[in-house]
Amino acid sequence: MLDRHLIREDPDRVIMGVKSKHVDADVDRIVALDRELLDIMKESEALKHERNVKSEEVGRKKRIGENADELQAHLKDVSNRIKEFEEKDKEISEELDTLLLTLPNLPHKSVPVGKDETANIVTKHWGEVKEPFDGLLPHWDMGEKLGILDLDGGRRVSGRGFVVFRGDGALLCRALLTMMIDIHREQGYEEVWVPFIVSRESMTGTGQLPKLEDDMYHTEVDDLFLIPTAEVPVTNLERDTTLPADRLPIKYTAYTPCFRREAGSHGADTRGLLRVHQFDKVEMVKFVHPDSSYDELESLTKDATDVVEALDLPYRIVELSTGDLSFAAAKCYDIEVYAPGVEKWLEVSSCSNFESFQARRANIRLKKSPGEKYRFVHTLNGSGLALPRIIATILEHHQTPTGRVKIPNRLVPYMNGQDYLG
RNA sequence: GGAGAGAUGCCAGAGUGGUUGAAUGGGGCGGUCUCGAAAACCGUUGAGCGUGCAAGCGCUCCGGGGGUUCGAAUCCCCCUCUCUCCGCCA
């Protein structure tokens, strides 16, 4: 949600921002409704003032036994007019609120302007991209060969886009999750374990709804949603709270499965582990003081890349352009690892600053000191990391010409001491 | 799923139609006292919106929504949540 003052005072900036994200939203209509609402409010407040003052007079007269019939009749009329204004107010507010939810966050001024991902900027490279050797298998073949990945099993149980890990593959999942969480705990995050199914309010609070409803798994009878990311339950942990500045930053990390219908995405990029309907992920979420959120974004990104480095995987950081930025984000870095089997950079983490966009929707305020104007905290989150593509990359990057897969040193203790698969 | 009880300010807890935005206590903050601290005493302490350079003024908010009334924290209806008991169950 954007600040109504901003929309009121600088509609051009909002229009430009919305356009740069390729979102179709009627800002002019919003500005007009906002104005209309203000006018209604002023008139109706004047009437309410009259009602309050004169009602008190009625009370006073009655107490001393005076007749107040005439005054009461007049006030009846005032009350009816107030009611009319309130009906109008309600009608317009509803339309305005609906429209406000369709407005995306505005990109930060540092974000490269561009129409899509071709305008993204690579800001950092780390590690050596591996030249594919003869016989290097893509992860789906390697996984099946090692007996740790069962794509048919997933299909049989749930359908296309679901996978099963077996034996050391399942162990690898647990090992990765535990290692990641341990790293984040060392970095100062509190580990939380949260519900995987959430209410409509929570989905709206972080901005998935109303826009992305088709991408969610939804339980009809209870109107609950399977989470697409831990961002949703963890950010909503602080919904409707006021946080004192000295408690910030608050840093949470959580493992959750993630459920995505991925409506409409089929084809080349969906093979093997590249795009699945259910996957596991460790997430970091931060609630920070609005003045320091961009510093916090840098450290969040660093916290995510620490994990990639612990896994000895080459990566690059991509700064997303305005056209590639998600609905709620003001700025975002993607972390991509290179998988030599599929010869692709795979996105394994998105680290975003949402500024006050989510906090305003979810009503997460900053406790103000006396005399200060009230503000919302800033929220950020980043994956640290998403499992399937990390596993795919491990199976490809750490694959040896002898047909085995080397376990990164840091992960070995979590694999019960095992240093190779196969 | 059934029965009952409840939801008030940072917390506890009064308040059943007319100076109640809200008693009282605790906590927080400021002060007096003290070398300092504690104790004691005094003062202060909710939020949002609108308007204004500001001081201020106005409106709204006692879980949420609707209703009755000149006037509602207080009366009526619906919903949500919490607690207790019963049932069911991993």
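Chain A is the first sequence line, chain B the second, and so forth, proteins listed ahead of strands; every chain is numbered from 1. The figures that follow rest on heavy atoms only: side chains count, while hydrogens, waters and symmetry mates do not.
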Is A:Arg60 touching bases, backbone alone, or none of the nucleic acid, heavy atoms closer than 4.0 Å?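 The answer is nothing, as A:Arg60 stays clear of every strand by at least 4.0 Å.
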Using a 4.0 Å heavy-atom cut-off across all strands, classify A:Arg4 as base, sugar-phosphate, or nothing.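 Touches nothing.
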Separation of [X] atom [atom1] from [N] atom [atom2], in whole Å?
X        : N     : atom1 : atom2 : value
A:Leu366 : B:G48 : CG    : C1'   : 16 Å
A:Leu38  : B:G52 : CG    : P     : 11 Å
A:Asp246 : B:G28 : CG    : P     : 14 Å
A:Glu9   : B:C49 : CD    : P     : 12 Å
A:Arg239 : B:C81 : CZ    : P     : 12 Å
A:Glu36  : B:G50 : CD    : P     : 17 Å
A:Arg200 : B:C81 : CZ    : P     : 15 Å
A:Lys42  : B:G50 : NZ    : C1'   : 7 Å

Any side-chain donor-acceptor pair under 3.5 Å between [X] and [Y]?
X        : Y        : value
A:Ser299 : A:Lys286 : yes
A:Thr206 : A:Glu231 : no
A:Tyr252 : A:Glu238 : yes
A:Arg239 : A:Ser202 : yes
A:Glu191 : A:Tyr255 : no

Keeping A:Thr253 on the side-chain end and A:Glu283 on the backbone end, is there a donor-acceptor pair under 3.5 Å?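 Such a contact is found between A:Thr253 side chain and A:Glu283 backbone.
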Is it true that a side-chain atom of A:Arg51 and a backbone atom of A:Ser79 form a donor plus acceptor pair closer than 3.5 Å?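 Between the backbone of A:Ser79 and the side chain of A:Arg51 there is no qualifying donor-acceptor contact (under 3.5 Å).
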Going by the rule salt bridge (charged side-chain N to carboxylate O under 4.0 Å, His left out), which residues pair with A:Asp3 if we only count those two or more places apart in sequence or in a different chain?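 Applying salt bridge (charged side-chain N to carboxylate O under 4.0 Å, His left out) to A:Asp3 gives A:Arg360.
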Pairs counted only when both distances fall under 3.5 Å, Watson-Crick or G-U: show me the 5' to 3' dot-bracket for RNA chain B, [ ] for pseudoknotted crossings and | for other-strand partners. ((((((((.[[[..)..(.....]]]((((((.......))))))((((((....)))))).[[[[[..)....]]]]])))))))....
Please state the [atom1] separation for the pair [N] and [M] - nearest whole angstrom.
N     : M     : atom1 : value
B:G9  : B:A22 : C1'   : 8 Å
B:A73 : B:G87 : P     : 42 Å
B:G13 : B:G4  : P     : 24 Å
B:U32 : B:G46 : P     : 23 Å
B:A12 : B:C49 : P     : 27 Å
B:A7  : B:G65 : C1'   : 16 Å
B:A38 : B:G27 : P     : 12 Å
B:C79 : B:U20 : C1'   : 27 Å

B/S/- contact track for nucleotides 56-70 of chain B, protein heavy atom under 4.0 Å: --BBS-------S-B
Are A:Glu70 and A:Lys61 within salt-bridge range, i.e. N to O under 4.0 Å?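 Salt bridge between A:Glu70 and A:Lys61, a charged N being under 4.0 Å from a carboxylate O: no.
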OP1 or OP2 of B:G46 versus the side-chain N and O atoms of A:Arg365: is any pair under 4.0 Å?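 Answer is no, no contact under 4.0 Å.
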For the residue pair A:Phe327 and A:Phe357, is the inter-centroid distance of their aromatic rings smaller than 6.0 Å?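 Distance test on ring centres: under 6.0 Å, yes.
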